[in-house]
Amino acid sequence: MLDIQLLRNDLAGVAARLATRGFALDTARFEQLEGERKVIQTRTQELQARRNATSKQIGQAKAKGEDVSAIMAEVANLGDELRQMETRLEQVQHELNAFLSVIPNMPHEGVPAGKSETDNVEVRKVGNVPQFDFEVKDHVSIGEGLGGLDFETATKISGARFSLLKGPLARMHRALAQFMLDTHTEKHGYTETYVPYIVNADSMRGTGQLPKFEEDLFRVPRQLGDEGETDFYLIPTAEVPVTNIVRDSIVPLEQLPLKFVAHTPCFRSEAGSYGRDTRGMIRQHQFDKVELVQLIHPEQSYAGLEALLGHAETILQQLGLHYRVVKLCTGDMGFSAAMTYDIEVWLPAQNTYREISSCSNFEAFQARRMQARFRNAQGKPELLHTLNGSGLAVGRTLVAVLENYQQSDGSVVVPGVLRSYMGGMEVIRAS
RNA sequence: GGAGAGGUGGCAGAGUGGUCGAAUGUACCUGACUCGAAAUCAGGCGUAGGUUUAAGCCUACCGUGGGUUCGAAUCCCACCCUCUCCGCCA
């Protein structure tokens, strides 16, 4: 959510910056709602003040045993108008809130302007494109050849866009997650967390998945008595439960930055992605991810983003995988982000780079929705900045390892850093 | 699932219809005393919003939402959460 004060003070400026990411801000609508709000709120508060003063008089008069019927008659007339005004004010504020909550974040000045992913800017390439002296297979062929990847059975059990891992591949999947967690906690100073995978709507609103992107989520209905039926949601990323740790709270200055890492499954409906990445485990309804989250002082958030990006990159470097970092352009960024870097790993079978991590600074956008604050040097509560990034997507990392470490005989070499997590196994061969 | 207790400021804890945004204690800040500290004394100390050049004035907030009333922390209803005991359970 943007700061409403910013819209009041510099509506044209906000509209201009939002336009760079392809969002047309309805300034006329805002001005109309704001104007209405102003008039109604002032009037409402005026009436409330009068009611309060009069009621106080009644109390005092009664205490002295005086007759209060005259004052009572006076205040009786107030009631109707006040009720009307209060109702109207509530409506207008709801409308304003709904209007604000679907406005995306403003891109940081350092974000390149552009319309789509073709306008993203490559920041760096790390490592080299691996060369093969045989025809490379994709991870599906490799995995099925090894007897460890079984989409047919997964489809029987659940349906499309699910996968089933067995044997050494399942173990490598676990090894990857362990390796990532250990690296981030031991080398990068993150606190490991175990969090709920099912969350309430408030948490989804806090990080910006709701109200705009409900169709991307899996919703879990629950019955609570007759009326109070509130639905749960499966998390689409650990960003949601982890960032919401600080929702509605004030963090002491000396505790910043808070750095959390969590390994969770992620659930996405993938509505609207029919026909895309249907082969393999690139795009699934359920996948594991190790997520990095930082809750940080506003002055440090951009330095923090670079650091967090580096933490994610470390994993790929340790695994010996070639990748590149791209800075997303204004038109390609997610709803809540002010700046985003994607890390794209090289997949030889597709002869291209594929996203394996996305690291963003949300500035105060999420914090404002969540009322996540810290106590600044002056002792006043101030909004935090929030950062998060994948460190990394486990399923896609497994894909990258299978494809980049394949050998001509169909076996796969286990990267050195994973071997201790796999009982010393050096090569995965067909059983 | 059954029975009971409870949710008030950073914390503890009063307050059961009127001057209560809320006693008191504690923590914290400022000042006095002191060489300094402790103790003591005095003062200050919630959040959000509106309005104003500003000082200020005003509004809302006592788990959440509704209701009764001229007036609600206080009364009524629903819900959420916490705790205790019993049952069940990984």
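Proteins come first, then strands; the chains are lettered A, B, ... in the order of their sequence lines, and each starts at number 1.
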Problem set entry | side-chain hydrogen bond (donor to acceptor under 3.5 Å, both in side chains), paired with A/Asn120, selected from A/Thr340, A/Asp332, A/Asp342 | A/Asp332
Exercise. Looking only at atom C1', what distance separates B/rC11 and B/rG65, rounded to whole Å?
Worked result: 28 Å
Problem set entry | Watson-Crick/G-U partner (both atom distances under 3.5 Å) of B/rC41 | B/rG31
Problem set entry | Atom-pair distance (CD on A/Glu382; P on B/rA48), nearest Å | 11 Å
Exercise. Does a side-chain N or O from A/Arg373 land closer than 4.0 Å to OP1 or OP2 of B/rA48, or not?
Worked result: yes
Problem set entry | Nearest-Å distance once atom P is located in both B/rG36 and B/rG10 | 35 Å
Exercise. Just by distance, do the side chain of A/Lys259 and the backbone of A/His188 share a donor-acceptor pair under 3.5 Å?
Worked result: yes
Exercise. A/Glu86 has an atom CD; how far is it from atom P of B/rG66, in whole Å?
Worked result: 11 Å
Seminar exercise, completed: A/Arg37 has its side chain closest, among B/rG49, B/rU51, B/rC70, to B/rU51
Problem set entry | Rounded distance in Å - CD (A/Gln48) to P (B/rG71) | 12 Å
For this session: Please state whether the phosphate of B/rU59, meaning OP1 or OP2, lies under 4.0 angstrom from any side-chain nitrogen or oxygen of A/Asn52.
Result: yes
Problem set entry | Spacing between A/Arg247 atom CZ and B/rC81 atom P, to the nearest angstrom | 13 Å
For this session: State whether the number of non-hydrogen atoms from other residues, nucleotides or ligands found under 6.0 Å of A/Glu117 atom CD is greater than 12.
Result: no
For this session: Name the nucleic acid region contacted by A/Arg50, choosing base, sugar-phosphate or nothing; use a 4.0 angstrom heavy-atom cut-off, strictly under.
Result: nothing
Problem set entry | Nearest-Å distance once atom P is located in both B/rG71 and B/rG7 | 26 Å
Exercise. Are any of A/Arg8's side-chain N or O atoms less than 4.0 Å away from OP1 or OP2 of B/rG50?
Worked result: yes
For this session: Considering only atom C1', compute the distance from B/rG56 to B/rA5 and round it to an integer number of Å.
Result: 46 Å
For this session: Under the salt bridge (charged side-chain N to carboxylate O under 4.0 Å, His left out) rule, collect the residues that match up with A/Glu36, sequence neighbours excluded.
Result: A/Arg88
Problem set entry | 5′-ward residue of the pair A/Ile58/A/Glu46 relative to RNA chain B | A/Glu46
Exercise. Which whole number of Å gives the distance between the P atom of B/rU24 and that of B/rA72?
Worked result: 25 Å
Problem set entry | Base-pairing assignment for B/rC11 (Watson-Crick or G-U wobble, both under 3.5 Å) | B/rG25
Exercise. Considering only B/rG50, B/rU59, B/rG71, which nucleotide approaches the side chain of A/Ser55 most closely?
Worked result: B/rG71
Exercise. Paired with B/rC83: which nucleotide, if any, by Watson-Crick or G-U wobble criteria at under 3.5 Å for both distances?
Worked result: B/rG4
Exercise. Quantified in whole Å, what is the P atom distance between nucleotide B/rA55 and nucleotide B/rA38?
Worked result: 34 Å
Exercise. Is it true that A/His311 and A/Tyr190 have ring centroids separated by less than 6.0 Å?
Worked result: yes
For this session: Looking only at side-chain atoms of A/Met72, point me to the closest of B/rU59, B/rU51, B/rC70.
Result: B/rC70
Problem set entry | Whole-Å distance separating the CD atom of A/Gln60 from the P atom of B/rC20 | 10 Å
Problem set entry | Nucleotide forming a Watson-Crick or wobble pair with B/rA72, both distances under 3.5 Å | none
Seminar exercise, completed: Across every strand shown, the nucleotide meeting Watson-Crick or G-U wobble geometry with B/rG49 (both distances under 3.5 Å) is B/rC58
For this session: Count the heavy atoms of every other residue, nucleotide or ligand shown that sit under 6.0 Å from CZ of A/Arg50, and state whether that count exceeds 12.
Result: no
Exercise. Would you say a side-chain N or O of A/Gln5 is under 4.0 Å from OP1 or OP2 of B/rG50?
Worked result: yes
Exercise. Checking all strands, does A/Lys62 fall into the base, sugar-phosphate, or nothing category for heavy-atom contacts under 4.0 angstrom?
Worked result: base
For this session: Return the value, rounded to whole Å, for the distance between atom NZ of A/Lys38 and atom C1' of B/rU52.
Result: 12 Å
Problem set entry | Separation of the C1' atoms in B/rC20 and B/rG15, to the nearest angstrom | 9 Å
Problem set entry | B/rC77 to B/rG25 separation - C1' atoms, rounded to the nearest Å | 36 Å
For this session: Might you work through the side chain to side chain contact (heavy atoms under 4.5 Å, CB included) test for A/Arg283 and A/Ser273, ending with a clear yes or no?
Result: CA-CA 9 Å; A/Arg283 190 175 299 278; A/Ser273 65; 3.7 Å; yes
Exercise. Pick the nucleotide of RNA chain B nearest each of A/Arg51 and A/Lys56; which residue has the one closer to the 5' end?
Worked result: A/Lys56
Problem set entry | Paired nucleotide for B/rG17 [Watson-Crick or G-U wobble; both distances under 3.5 Å] | none
For this session: In whole angstrom, give the distance that lies between atom CZ of A/Arg43 and atom C1' of B/rG49.
Result: 19 Å
Seminar exercise, completed: Between CE of A/Met85 and C1' of B/rA60 the distance, given in whole Å, is 18 Å
